[in-house]
J.: 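Sharing a structure, written as structure tokens. Questions coming.
In what follows, every heavy atom counts, from backbone to side chain, and hydrogens, waters and symmetry copies are set aside. When a ligand or atom number is given, it counts from 1 through the structure's own listing order.
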Amino acid sequence: MSRHYYIAGNWKMHKTRAESAELAQALVNELKDGKHKYLIAPSFTNIETVSAIIEGTNIRLGAQNCAPEEQGAHTGEVSVLQLKDLGVQTIILGHSERRHVYKEDNALINKKVKLALSKGFEVILCIGELLEEREAGRVEEVCETQTVKGLEGVSIEDLANVIIAYEPVWAIGTGKTATPQDAEAVHAFVRKVITRLYGEEAGKKIIIQYGGSVKPDNAAQLMAMENIDGALVGGASLKTDTFVPIAKFS
Ligand code: 13P
């Protein structure tokens with residue numbers, strides 16, 4: 001199997017520069033002999049600080065969003081060119097907080113995905129259903145739509161730089177994790193969608209992370225599932241005490 005585990009920390013809107021530097025430095029030390037692929041995504045204002053600390057280490061630098069345009073009159077937005085300039089390698093797109101709080105739709109997310117890929121970034125495309133969608137039996141429909149529309153126009157070559165993160169919205173920041181079995185069912189389904197769109201080989205290769213209240217005590221059970229290839233961690237990524245055990249699960 002060509003897939004590897006990929007553990008990512010999404011720091012969301014937390015930490016000052018000094019706090020980000022402290023955590024990044026601690027993770028560099030703790031994860032230097034880690035066996036998996038790692039990423040941390042600080043707030044925009046802290047990217048430059050963290051970049052200097054993790055450059056040349058086994059931790060990749062991520063951003064949590066980008067603008068759908070390269071440059072121009074876009075007050076309050078941050079461009080892929082600016083992110084490239086800071087050494088960002090990966091951009092998280094379509095996070096549920098972007099979709100549901102800031103009303104980003106599939107078309108906008110798709111535009112960002114294509115722009116980021118065209119500039120050589122790796123993209124973590126987040127998908128996932130709301131609680132009411134799960135209760136209405138619409139999990140597959142929602143995840144399929146977000147996957148298909150998010151990847152519209154993405155070539156098979158560019159797909160090699162795409163990671164999917166399944167983050168059921170009801171599990172984010174709530175302490176309610178999907179059971180390994182429930183998550184696995186969705187991951188297997190999403191892999192089938194990728195296989196249908198891009199073929200057998202691409203379906204086998206794509207990394208699908210799980211996100212939503214991943215903690216040190218549930219990481220290993222989730223990662224043991226056949227189609228779960230890593231984690232996108234929010235709250236537990238803010239401290240070494242909780243992120244390192246997840247990053248070093250066995
Ligand atoms: P929590 O780990 O805090 O539930 O957040 C998950 C998430 O949204 C990561 O992107």
J.: With heavy-atom distances below 4.0 Å as the criterion, list the atoms of ligand 1 near N10.
T.: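 Reading through ligand 1 atom by atom, the close ones are 9 (C), 10 (O).
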
J.: Do E184 and N227 meet the criterion of a side-chain donor-acceptor pair at a distance under 3.5 Å?
T.: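 Judged by distance alone, the side chains do pair up.
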
J.: Where the closest heavy atom to atom 4 (O) of ligand 1 is concerned, which of G173, G234, P168 has it?
T.: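 It is G173 whose heavy atom sits nearest to atom 4 (O) of ligand 1.
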
J.: Checking N65 against K112 for the side chain to side chain donor-acceptor pair (under 3.5 Å) test, could you report, in this order, the C-alpha distance in whole Å, the side-chain angles of both residues, the deciding distance, and whether it holds?
T.: CA-CA 9 Å; N65 191 17; K112 295 181 181 195; 2.9 Å; yes

J.: Would you check if there is a donor-acceptor pair between the side chains of H95 and Q64 at a distance under 3.5 Å?
T.: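 Checked: Q64/H95 side chains show no N/O donor-acceptor pair below 3.5 Å.
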
J.: Compute the shortest N/O to N/O distance between E97 and ligand 1 and return yes if it is under 3.5 Å, no if not.
T.: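 The answer is no, given that E97 and ligand 1 share no N or O pair closer than 3.5 Å.
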
J.: Anything under 30° is parallel, anything over 60° is perpendicular, the rest tilted; go ahead and classify H36 against F249.
T.: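 Aromatic pair H36/F249 classed parallel.
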
J.: Using non-hydrogen atoms of the residue, decide whether G212 is closer than 4.0 angstrom to ligand 1.
T.: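 Heavy atoms of G212 do come under 4.0 Å of ligand 1.
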
J.: Which heavy atom of the protein is the closest neighbour of atom 3 (O) of ligand 1, given with residue, atom name and distance?
T.: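 That would be G235 N, 2.8 Å.
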
J.: So which protein heavy atom does atom 9 (C) of ligand 1 come closest to, and at what separation?
T.: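 That would be E167 OE2, 2.9 Å.
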
J.: Give a yes-or-no answer on whether the side chains of T49 and R17 include a donor-acceptor pair shorter than 3.5 Å.
T.: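 Side chains of T49 and R17: no pair found under 3.5 Å.
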
J.: Looking only at N/O atoms, are H95 and ligand 1 under 3.5 Å apart anywhere?
T.: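 The answer is yes, given that H95 and ligand 1 share an N or O pair closer than 3.5 Å.
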
J.: So, does K12 sit close enough to ligand 1 that a heavy atom of it is under 4.0 Å from the ligand?
T.: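 K12: in contact with ligand 1 (<4.0 Å).
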
J.: With a 4.0 Å heavy-atom cut-off (strictly under), which part of I172 contacts ligand 1: side chain, backbone, both or neither?
T.: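 The answer is both, backbone and side chain.
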
J.: What I want to find out is whether R196 reaches E144 closely enough, with some N-O distance under 4.0 Å, to be called a salt bridge.
T.: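 Result for this pair is yes, salt bridge flagged.
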
J.: With a 4.0 Å cut-off on heavy atoms, does S213 reach ligand 1?
T.: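 Within the 4.0 Å threshold, so yes.
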
J.: Any idea how H4 and Y6 line up, ring-wise: parallel (<30°), tilted (30 to 60°), or perpendicular (>60°)?
T.: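 H4 vs Y6 ring planes: tilted.
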
J.: Quick check on A171 - does any of its heavy atoms sit under 4.0 Å from an atom of ligand 1?
T.: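 Right, A171 reaches ligand 1.
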
J.: Here's one to test your reading of the geometry: is the NZ or CZ of K84 within 45 degrees of the ring axis of F121 and under 6.0 Å from its centre?
T.: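 Yes.
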
